[in-house]
A.B. asks: 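So that we are looking at the same thing, I have put the structure below in structure tokens.
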2 protein chains.
Amino acid sequence: MPSTIKDVAARAGVSLATVSRYINGTGKLRPATAERVNAAIAELGFRPNAVGRSLSTSHTKSLGVVIPSLSNPVFSDAVSGINEAARAEGYRLMFTSTEYNRAEEVEAVSSLLEYRVDGLILTVADAEEAPALDLLEAAGVPYTLLYNQSGRSARPAVTIDNVAAGREVAQHLLALGHQRLGMVSGSFSASDRAMARRDGFTAEIVARGFPAPRVLEVDFVNSEVEEALVLLMRDRDTAPTALFCSNDLLAISVIGALERIGLNVPEDVSVLGFDGIAIGTHLHPTLTTVVQPSRDMGQTATRQLLACLQGGSDPDTMILPYRLQIGESVGPAAKPSPTGPSELNQTK
Amino acid sequence: MPSTIKDVAARAGVSLATVSRYINGTGKLRPATAERVNAAIAELGFRPNAVGRSLSTSHTKSLGVVIPSLSNPVFSDAVSGINEAARAEGYRLMFTSTEYNRAEEVEAVSSLLEYRVDGLILTVADAEEAPALDLLEAAGVPYTLLYNQSGRSARPAVTIDNVAAGREVAQHLLALGHQRLGMVSGSFSASDRAMARRDGFTAEIVARGFPAPRVLEVDFVNSEVEEALVLLMRDRDTAPTALFCSNDLLAISVIGALERIGLNVPEDVSVLGFDGIAIGTHLHPTLTTVVQPSRDMGQTATRQLLACLQGGSDPDTMILPYRLQIGESVGPAAKPSPTGPSELNQTK
DNA sequence: GTGAAAGCGCTAACAC
DNA sequence: GTGTTAGCGCTTTCAC
């Protein structure tokens, strides 16, 4: 139904090739010709068909984006950055969220490959074990990982040093006098970065001669978080005095659950998050967290990928800086109460 | 570089048409033939080129999505819903966020039109005055608005009744004894729904014989919010005792600013938000807000649009239910303090 | 400076 | 059942 280059050519009394040249600015047109073409285009409301062009040029000027979820601001911020950087270079985004479903990863990538995106940016569950990435490599389509901890597999990624961040979190907590530390994480199998944070955290604690942290792996459902926490915190004399959460959303859940079971943050337990989502500074207590430059990471990944598309080289891994942001949710270790441990769940 | 149908045909010793039929399941193949084709596809790692198919069929199985920003959970939730519903029907998403920039709206739509998306879902600044939509209509590409208050222009939309919601907010506040009400909104020119909420809010208040609310229109920058609030709240005897914010993100800013200038929520001022973003229930005080079924709205819009694509009919407007959710950020009107108005900014 | 024509990968008549 | 062929809308040699 929309008009084609052919219609424009007929109307302007020139050939297809001339119209094409006019549109793409390739080759010089006599001013008079250009004017006639221009007029024809305007009169017809002609809009070049990118599908035809893509078939002909074998590139689509579009990028695939695959992320686990949009509900976490960490990802939506990154996508904002991707969007901005892509648009600046005239690229469109084909977007998919997998909802943390690994099977979706390969389905999404397959589909994006059929659409012949020029490159992709993605966050997968586990960069070491990702059929979706193998697919991409087999297809020879450039991509760059975002957030993923691409360990020994050496896959191109824009990320932070999650292990170092985990260590720094441990140091911070230890420096505040906490001796019994714990970690609460979402499913490790859905997040290689959570694993890396745990590894750094644990390593540092052990290296300093403290007992390895108790690690709670929870399915991200509120009720389950609360249940698990009741168990973990039952005996205040042995329970952790500080909890490192693998991400801010989880930290927020944890703080809520803790308060519901009668524990105050940070007086009774300190809670530290990860990601640095904007809302963290508006909470009470404000979140202490490791902030990742999400938007910037998205932009960087995109620019890098785009550079490779023009240049031909393959993307490299880039480690961006993180920053420990001090909030109110972490305090100094409480001195053991002289009157003995306080009771939990006094409501009953 | 990737293999084509032709390669597969050659390898399987059949014609292009046969391979095409196999892929699309159109027409019957002799089992033996099907097997050979299947083997050839596997051996070659063949993946059909959607660009070629689109050119041939003149549909792309892709939907355009244009929203103002991903930073507001209201939009990222909607996009999640869109993503889910689209994927269920085998459609891909071409995504753009305009960052509340109206010029971007038409640029995004133009570009999406070039890519020949089969339909679009979008939230524009103002549905009454949107060149981007005129473009779409001229092109005859089906679309449906999301969140927009498509007033007399009768453009197809999936939304809630923002006017009624505004009225209900007013009733709620009035019922709690508040007599001087205020509203804080982002730029009205960037949000027809904010206008509608204000209109309903104001109309109800005036209809009940109370003075029209003071309306603050702020550019969404924290410092500006605080400044404006200082002015508005200077004289506690005449200042509003309850503030209706046009969205939750703004409400959160407002609560923060209020506390910074020494006013407690809800003791000194009640604050009511709009949208029902998930984080609202984790704040202190928890947000009282009008919740929109964002994810559901995204899904509904998508399903409706998709139905039209198959059916041929044009999308209709659907008004979904909203729900006033009571939180702690709104309390009963404070009795005038017997000792006179409290001082502001006592910190200095 | 401009035109003619081949071809990008696929689908859909239309034959056989 | 399966093959042939003509496009879909565009870009791009290669002539002129």
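Quick note on labels: first sequence line is chain A, next is B, and so on, each numbered from 1. Only heavy atoms go into these numbers, but all of them, side chains included; no hydrogens, no water, no symmetry mates.
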A.B. asks: So A:T18, base contact, sugar-phosphate only, or nothing? Heavy-atom distance under 4.0 Å.
C.D. replies: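 If one applies the 4.0 Å heavy-atom cut-off, A:T18 turns out to touch the sugar-phosphate alone, with no base involved.
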
A.B. asks: According to salt bridge (Lys or Arg N to Asp or Glu O under 4.0 Å), who are the partners of A:E129, at least two apart in sequence or on a separate chain?
C.D. replies: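 Testing A:E129 for salt bridge (Lys or Arg N to Asp or Glu O under 4.0 Å), a comparison that skips the adjacent residues, returns none.
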
A.B. asks: What nucleic acid atoms does A:V14 come within less than 4.0 Å of, heavy atoms only: base, sugar-phosphate, or nothing?
C.D. replies: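 Sugar-phosphate contact only - A:V14 comes under 4.0 Å of backbone atoms but never of a base.
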
A.B. asks: Pairs in or reaching into residues 116-135 of chain B: which pass ring pair (Phe, Tyr, Trp, His ring centres under 6.0 Å), with residues at least two apart or in two chains?
C.D. replies: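 Matches after skipping sequence neighbours: none remain.
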
A.B. asks: Output one letter per nucleotide in nucleotides 10-16 of chain C: B when a protein non-hydrogen atom lies under 4.0 Å from the base, S when only the sugar-phosphate is that close, - when neither is.
C.D. replies: BBBBB--

A.B. asks: Quick one: do the A:S111 and B:R92 side chains pair a donor with an acceptor below 3.5 Å?
C.D. replies: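 Judged by distance alone, the side chains do pair up.
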
A.B. asks: With sequence neighbours excluded, tell me which residues meet side chain to side chain contact (heavy atoms under 4.5 Å, CB included) with A:N49.
C.D. replies: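 Expected list: A:V51, B:R116.
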
A.B. asks: Among all residues two or more places apart in sequence or in another chain, which pass the side chain to side chain contact (heavy atoms under 4.5 Å, CB included) test with A:N101?
C.D. replies: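 Residues passing side chain to side chain contact (heavy atoms under 4.5 Å, CB included) with A:N101: A:A103, A:E104.
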
A.B. asks: Roughly, in whole Å, what's the span from NZ in A:K28 to P in C:dG1?
C.D. replies: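 The distance from NZ of A:K28 to P of C:dG1 comes to 8 Å, rounded to the nearest Å.
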
A.B. asks: Are any side-chain N or O atoms of B:N83 and backbone N or O atoms of A:T96, one a donor and one an acceptor, separated by less than 3.5 Å?
C.D. replies: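 Side chain of B:N83 to backbone of A:T96, a donor-acceptor pair under 3.5 Å: no, none is there.
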
A.B. asks: Treating B:D7 as the side-chain partner and B:T4 as the backbone partner, does any N or O pair qualify as donor plus acceptor under 3.5 Å?
C.D. replies: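 Yes; at least one donor-acceptor contact below 3.5 Å.
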
A.B. asks: How large an angle, rounded to 10°, do the end axes of the helix from C:dG1-D:dC16 to C:dC16-D:dG1 enclose when each is built from five base pairs?
C.D. replies: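 Here the helix ends are tilted 40° relative to one another.
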
A.B. asks: Salt bridge (Lys or Arg N to Asp or Glu O under 4.0 Å) with B:R21: which residues, sequence neighbours excluded?
C.D. replies: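 Once residues adjacent in sequence are excluded, B:R21 has no partner under the salt bridge (Lys or Arg N to Asp or Glu O under 4.0 Å) criterion.
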
A.B. asks: Test of understanding: with side chain to side chain donor-acceptor pair (under 3.5 Å), list the residues that count as partners of A:E84, not counting sequence neighbours.
C.D. replies: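 Only A:R295 meet the side chain to side chain donor-acceptor pair (under 3.5 Å) criterion with A:E84.
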
A.B. asks: Please list, in numerical order, the residues of residues 30-43 of chain B that have a heavy atom closer than 4.0 Å to any atom of DNA chain D.
C.D. replies: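 Going residue by residue through residues 30-43 of chain B, the ones with a heavy atom under 4.0 Å of DNA chain D turn out to be B:R30, B:T33.
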
A.B. asks: Just how far, in rounded Å, is P of C:dG9 from CG of B:D7?
C.D. replies: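 It works out to 8 Å between those atoms.
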
A.B. asks: For B:E137, what residues pass the salt bridge (Lys or Arg N to Asp or Glu O under 4.0 Å) criterion, not counting sequence neighbours?
C.D. replies: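 Residues passing salt bridge (Lys or Arg N to Asp or Glu O under 4.0 Å) with B:E137: B:R155.
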
A.B. asks: With under 30° as parallel and over 60° as perpendicular, where do the rings of A:F95 and B:F95 fit, or are they tilted in between?
C.D. replies: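 Because their plane-to-plane angle lies in the 30° to 60° range, the rings of A:F95 and B:F95 count as tilted.
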
A.B. asks: Side chain to side chain contact (heavy atoms under 4.5 Å, CB included) with A:A34: which residues, sequence neighbours excluded?
C.D. replies: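 A:A34: side chain to side chain contact (heavy atoms under 4.5 Å, CB included) contacts with A:Y22, A:L29.
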
A.B. asks: Does anyone know the first and last nucleotide of DNA chain D in reach of chain B, 5' to 3', at under 4.0 angstrom to a heavy atom?
C.D. replies: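 Under 4.0 Å from chain B, the extent on DNA chain D is D:dG1 to D:dG9.
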
A.B. asks: Look at the side chain of A:T300 and the backbone N and O of A:D296, then say whether any donor-acceptor pair between them is shorter than 3.5 Å.
C.D. replies: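 Side chain of A:T300 to backbone of A:D296: a pair is present.
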
